[in-house]
Amino acid sequence: MPIFDVSASDIADLDDAALRRLVAELCRAELAAAGLPTSAVTDGGDQRAPDDGVDVRVDVAGTPEDLDFIPHGTSLFQVKQQMTFRDRDIRTEMSPGGVLRPAIARLGGSGGAYVIVSGRESLPPERVEARQATMRALVPVGVKVAFYDGTAVARWTSKHPAVMLWVRQQLGRGLNGWEPYGNWSAPGQPDDERYIVDEQTPRVSLGLGRGREAVSVPVGVPSRSWLELRVA
């Protein structure tokens, strides 16, 4: 397994609060990579508090084409870790007492999306589709649905190396010598200061042993990679 990758079993090892935080951070990373405001993501609050079936919400105008795991500009995520979903569980979650949750019903006016994230499960494609078919039968016409198991969340996480590092830290398997984004050269100063890129001088080392190659920052750290390196 590549050094940064996380697996479905890693996702299953997270606790409920960490999984919910992970989904929120993945939404922010995906929006940022698409050049969209991360302030469009809202989450938080007591995990045990009533949430109307929504743990993480994304609300950006329209349906941006560059999004992947966020199905629509208006997407609601319900995140469950310690639960295995069956058809009846999906109906209970989305329509308690046979009444569709108001937050989901309101999506009918925007053509948004509702996503259930089940971190413990790792399912074959046909069973994922069966769960999505159950969800689709409950939502208003035009509303998208998605069911993400641990495998899907691991694939999503693998697109964003900085988030992968965070997951490994949560599991007590952080990488020595690697740190998440921070202002290492000027501690105490704001993290959003402009970074002046030296496009000529080799400052990033790639590879190991005799195969190591020194390259400039723009070559070694592609734009929007979400991989932050210590550079010379």
Side-chain angles (χ1 to χ4, degrees), residues 8 11 16 19-31 34 36-157 159:
I11 301 302
D16 203 53
L19 180 63
R20 183 168 65 161
R21 168 77 182 276
L22 172 60
V23 171
E25 293 302 325
L26 287 170
C27 287
R28 292 186 180 99
E30 185 161 314
L31 290 178
L36 297 169
T38 59
S39 59
V41 180
T42 54
D43 67 304
D46 191 330
Q47 183 76 8
R48 299 163 297 180
D51 55 21
D52 198 20
V54 180
D55 288 313
V56 179
R57 180 184 181 99
V58 176
D59 198 356
V60 294
T63 307
E65 296 181 357
D66 292 337
L67 299 182
D68 186 5
F69 284 87
I70 300 175
H72 190 276
T74 299
S75 294
L76 309 181
F77 292 81
Q78 175 68 316
V79 183
K80 297 288 186 182
Q81 180 63 294
Q82 305 303 324
M83 182 173 182
T84 299
F85 279 91
R86 300 177 178 83
D87 283 356
R88 65 176 179 271
D89 301 316
I90 291 173
R91 295 190 183 94
T92 299
E93 180 60 44
M94 297 178 63
S95 299
V99 179
L100 187 64
R101 291 186 183 274
I104 304 174
R106 287 193 293 270
L107 290 174
S110 64
Y114 184 76
V115 182
I116 291 178
V117 179
S118 179
R120 169 184 276 185
E121 298 183 84
S122 185
L123 306 171
E126 60 271 16
R127 291 179 65 186
V128 172
E129 177 52 39
R131 281 160 171 73
Q132 291 179 158
T134 300
M135 296 170 65
R136 201 173 292 118
L138 297 171
V139 300
V141 174
V143 174
K144 297 180 179 181
V145 298
F147 185 94
Y148 294 160
D149 63 359
T151 301
V153 176
R155 287 201 307 268
W156 190 4
T157 305
K159 295 183 63 177

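For the numbers below, each heavy atom of this structure counts, side chains included, while hydrogens, waters and symmetry mates do not. Because the structure is predicted, anything quoted here is derived from the model rather than measured.
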List the steps, then state whether side-chain contact (heavy atoms from CB on, under 4.5 Å) holds for Gln132 with Lys144. CA-CA 10 Å; Gln132 291 179 158; Lys144 297 180 179 181; over 6 Å; no

Checking side-chain contact (heavy atoms from CB on, under 4.5 Å) for the pair Met94/Val139: CA distance, chi angles, key distance, verdict? CA-CA 9 Å; Met94 297 178 63; Val139 300; 3.5 Å; yes

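- The two residues Pro71 and Ala113 come nearest to each other via the heavy atoms CB-CB, 3.7 Å.
- Under the rule for a side chain to side chain contact (heavy atoms under 4.5 Å, CB included), the partners of Gln81 that lie at least two apart in sequence or sit in another chain are Leu14, Asp16, Leu19, Arg120.
- In this structure Arg155 satisfies the side chain to side chain donor-acceptor pair (under 3.5 Å) test with no other residue, sequence neighbours excluded.
- A salt bridge between Glu121 and Lys80 is absent, with no side-chain N of the basic residue lying under 4.0 Å from a carboxylate O of the acidic one.
- Using a 4.5 Å heavy-atom threshold, the side chains of Ile104 and Ser95 count as separate.
- If you take CZ on Arg131 and CZ on Arg136, they are separated by 14.0 Å, rounding to the nearest 0.5 Å.
- The two residues Val41 and Cys27 have their closest heavy-atom pair at CG2-CB, 3.8 Å.
- Side-chain atoms of Glu30 and Val58, non-hydrogen and from C-beta on, never get closer than 4.5 Å to each other.
- Counting all heavy atoms, side chain and backbone alike, Met135 lies closest to Ile90 at CG-CG2, 3.7 Å.
- Shown here for Ile11 and Gly150, the closest heavy-atom pair between the two residues is CG1-O, 3.8 Å.
- Expressed to the nearest 0.5 Å, how far CZ of Arg91 lies from CG of Leu100 amounts to 13.0 Å.
- Contact detail for Ser122 and Thr151: the closest heavy-atom pair is OG-OG1, 2.7 Å.
- The list of ring pair (Phe, Tyr, Trp, His ring centres under 6.0 Å) pairs with a residue in residues 83-131, not counting sequence neighbours, reads Phe85-Phe147.
- Ionic pairing of Arg28 and Asp43 is present here: one or more N-O contacts between side-chain nitrogen and carboxylate oxygen are shorter than 4.0 angstrom.
- Ring pair Trp156/Phe69 is parallel by interplanar angle, where below 30° counts as parallel and above 60° as perpendicular.
- Once rounded to the nearest 0.5 Å, the distance linking CG of Asp149 with CD1 of Ile116 reads 12.5 Å.
- Once rounded to the nearest 0.5 Å, the distance linking CG of Leu26 with CG of Leu31 reads 11.0 Å.
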For Arg86 and Asp89, run side-chain contact (heavy atoms from CB on, under 4.5 Å): C-alpha distance rounded to whole Å, both residues' side-chain angles, the deciding distance at 0.1 Å, then the answer. CA-CA 5 Å; Arg86 300 177 178 83; Asp89 301 316; 3.4 Å; yes

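- Between Asp66 and Ala34, the shortest heavy-atom distance links the atoms CB-CB, 3.8 Å.
- The main-chain N or O of Val79 is found under 3.5 Å from a side-chain atom of Asp55 such that the two form a donor-acceptor pair.
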